[in-house]
Amino acid sequence: MLNLSPSGLPSTFYRPSLALLTDLYELTMAYGYWKSDTANREAVFHLIFRRHPFRGGFTVACGLAYVVHWLSHLRFDPDDIAYLGSLTGADGEPLFEPGFLTDLQRFEFQCDVDAIAEGTVVFPQEPLVRVRGPIWQAQLVESALLNIVNFQTLIATKAARVCLAAGGEPVLEFGLRRAQGIDGALAAARAAYVGGCEATSNVLAGRWFGIPVRGTHAHSWVMSFGSELESFQAYARAMPNNCVFLVDTYDTLKGVRHAVEVGRWLRSQGHKLLGVRLDSGDLAYLSIEARKILDEAGFADTFIVASSDLDERLITSLKGQQATIGVWGVGTHLVTAFDEPALGGVYKLSAIREASGQWRRCVKLSEQAAKSSTPGILQVRRYQINAGCLGDMIYDVEIGCGDPSSPLIVDPHDDTRRKRIAPDARHDELLVPIFRQGRLVYDQPDLAAVRERTLRQLECFSASIKRLDNPHEYPAGLEPRLHDLRKRLILEAKGF
């Protein structure tokens, strides 16, 4: 029996130590803090992204369960230490002193971590994860957090877009064979389910995460028999409770008629012809003609599945052409985020505690205004009336949210763009406690609940934000005093 954690991840998901899943510069900086006696200074980092992927109007947060699993098992084992001890600098001498390696071997995670729950719709500049604790530890976790959150958030967002395009019809994730390696395939299957897909073809993902699995046969099954009809008959005898026939190996519409013939036999045996699958050709025309054949033969409840390099735009086009497809199998373009291969999230230092005990807010500058960071210890407050979301305020937890009777949101890149929130709006704080001093305090929901959260969240936002082209920009910005602080620190850093 597989031992699963509450998140659905197996307890043995990876080997005991993944501490070296990091970039070397995280370790060299940690060593630098250690050498300069600043390793235990308290610092705050935030993981954010700067723009929506796919030229969209929303993003779906994903990957927190992996983050929890990785941080919960974060330790350096003797083999890790031995490897680090073998690294040398440009002079051929060891890169790290033995004392630092000894401290690494004693490593225990001691940071506070707050994060936005998986399945939450999020917007640029909002911190998805906040890490607060000894600076050397908060620095060490950067690369792994970005690796996990960037990829899974990207895929969950792509899946949500595909599912919205499907208009409530089932979407199946079929991407295992085209995914970016084993781990990419597993993480993508999970993230696609979070984004709204109903099932996966990936059996290992089904086993590990509890995702429903779907699939029947390929073209090779049909080609291995003397005729298409014979192949369908053999499959029906073998698996009468799982018959979705792939009908485009030779002649698609003839294939549908063969499926009908075998479907009659299935019906006589007390079973059903569940569906036929189209994997090539003019999917709109073929689905319409296939529907006619099925309906005329008395198989109105047999669904038509389509695959063949689908994405949200092709699905939208097919529906506009009155295609009669009822189930969508989406593979390559989903699990590889085909049209945008990376989210581009970043992890920035935003505050550090001085020896006096006071916090010093930190800002990173850039020639591009969008890349200048936001200082402070940040939280995101989402305002809602009834079931609709009005706007998100990013604020510093020590500065506060300003006048609660008249909340104001300022665009971080254009302070003339402002949003006044209705005084009767209710609000939720999006960042919730995950770890306190390295101890897990978060009650993780199961994966089905995470997927349901995505669906509920998307219902709270207007169709204008969810449309594929030229989506409306949802109001997400800074609390005025945080905006003023950010602007002042940027000007000071530039010498004004």
Side-chain angles (χ1 to χ4, degrees), residues 49 52-65 115-124 126 128 152-173 190-200 211-212 310-313 315-316 319-320 325-328 330 334 343 380-394 407 409 419 421-422 424-432 444-477:
F49 66 99
H52 292 300
F54 316 116
R55 303 180 301 282
F58 71 91
T59 298
V60 177
C62 191
L64 180 57
I116 293 179
E118 289 187 287
T120 302
V121 172
V122 290
F123 298 91
E126 296 180 348
L128 306 188
Q152 295 196 36
T153 297
L154 184 73
I155 302 302
T157 304
K158 184 69 169 180
R161 288 166 59 84
V162 169
C163 292
L164 286 169
E169 293 164 348
V171 175
L172 314 179
E173 182 274 303
R190 183 184 182 278
Y193 189 68
V194 169
C197 290
E198 290 203 1
T200 179
I211 303 170
L310 298 174
D311 64 8
E312 65 269 43
R313 295 186 180 277
I315 291 172
T316 299
K319 291 180 80 67
I325 296 160
V327 179
W328 305 86
V330 187
L334 172 55
L343 178 65
V380 183
R381 176 170 287 187
R382 176 160 294 167
Y383 292 94
Q384 297 175 274
I385 286 184
N386 299 323
C389 294
L390 301 177
D392 291 3
M393 176 191 288
I394 304 166
I409 299 170
K419 170 76 174 181
I421 301 296
D424 58 339
R426 66 177 182 85
H427 64 263
D428 295 314
E429 309 298 309
L430 297 190
L431 286 157
V432 298
Q444 297 186 78
D446 63 31
L447 189 57
V450 174
R451 179 178 180 274
E452 181 60 30
R453 180 180 179 84
T454 302
L455 301 178
R456 291 198 316 270
Q457 283 270 308
L458 287 168
E459 290 175 354
C460 295
F461 293 88
S462 73
S464 63
I465 289 165
K466 295 177 283 189
R467 65 190 176 214
L468 296 183
D469 295 309
N470 302 312
H472 179 71
E473 187 174 348
Y474 175 78

Count the heavy atoms of every other residue, nucleotide or ligand shown that sit under 6.0 Å from [atom1] of [X], and state whether that count exceeds 12.
X: Glu473; atom1: CD; value: no
X: Arg55; atom1: CZ; value: no
X: Asn470; atom1: CG; value: no

With sequence neighbours excluded, residues passing salt bridge (charged side-chain N to carboxylate O under 4.0 Å, His left out) with Arg313:
Asp469
Can you tell if the side chain of [X] reaches within under 4.5 Å of the side chain of [Y], non-hydrogen atoms only?
X: Tyr193; Y: Pro212; result: yes
X: Tyr383; Y: Cys389; result: no
X: Phe54; Y: Asp311; result: no
X: Ile315; Y: Val330; result: yes
X: Val380; Y: Phe123; result: no
X: Arg453; Y: Pro445; result: no
X: Tyr474; Y: His472; result: no

So which atom in [X] and which in [Y] form the shortest heavy-atom distance, rounded to 0.1 Å?
X: Ala61; Y: Val122; answer: N-CG2, 4.0 Å
X: Thr153; Y: Leu128; answer: OG1-CD1, 4.4 Å
X: Ala425; Y: Leu390; answer: CB-CD1, 3.7 Å
X: Gly196; Y: Leu455; answer: CA-CD2, 4.3 Å
X: Gly56; Y: Pro471; answer: C-CG, 3.5 Å
X: Asp392; Y: Arg382; answer: OD2-NH2, 2.7 Å

Given Leu447 and Arg190, is the side-chain contact (heavy atoms from CB on, under 4.5 Å) satisfied, shown in steps?
CA-CA 8 Å; Leu447 189 57; Arg190 183 184 182 278; 3.8 Å; yes
What residues form a side chain to side chain contact (heavy atoms under 4.5 Å, CB included) with [X], not counting sequence neighbours?
X: Ala159; answer: Ala192, Cys197, Leu334
X: Ala156; answer: Val60, Cys62, Ala191, Val194
X: Pro53; answer: Thr59, Leu154, Thr157, Glu340, Leu343
X: Ile409; answer: Met393, Lys419, Ile421

Would you say the side-chain atoms of Glu312 pair up with the backbone N or O of Ala165, donor to acceptor, closer than 3.5 Å?
no
I'd like to know if the side chain of Glu118 reaches the main chain of Gly63, judged simply by a donor and an acceptor atom lying under 3.5 Å from each other, with no hydrogens or angles considered.
yes
Answer yes or no on whether Lys466 is positioned over the face of Phe461, meaning its NZ or CZ is under 6.0 Å from the six-membered ring centre and within 45° of the axis.
no
Point-to-point distance, once rounded to the nearest 0.5 Å, from OG1 of Thr454 to CD of Gln457
7.5 Å
Out of curiosity, Thr120 OG1 to Arg456 CZ, how far, rounded to the nearest 0.5 Å?
9.5 Å
Go through the structure and list residues passing side chain to side chain donor-acceptor pair (under 3.5 Å) with Arg451, not counting sequence neighbours.
none
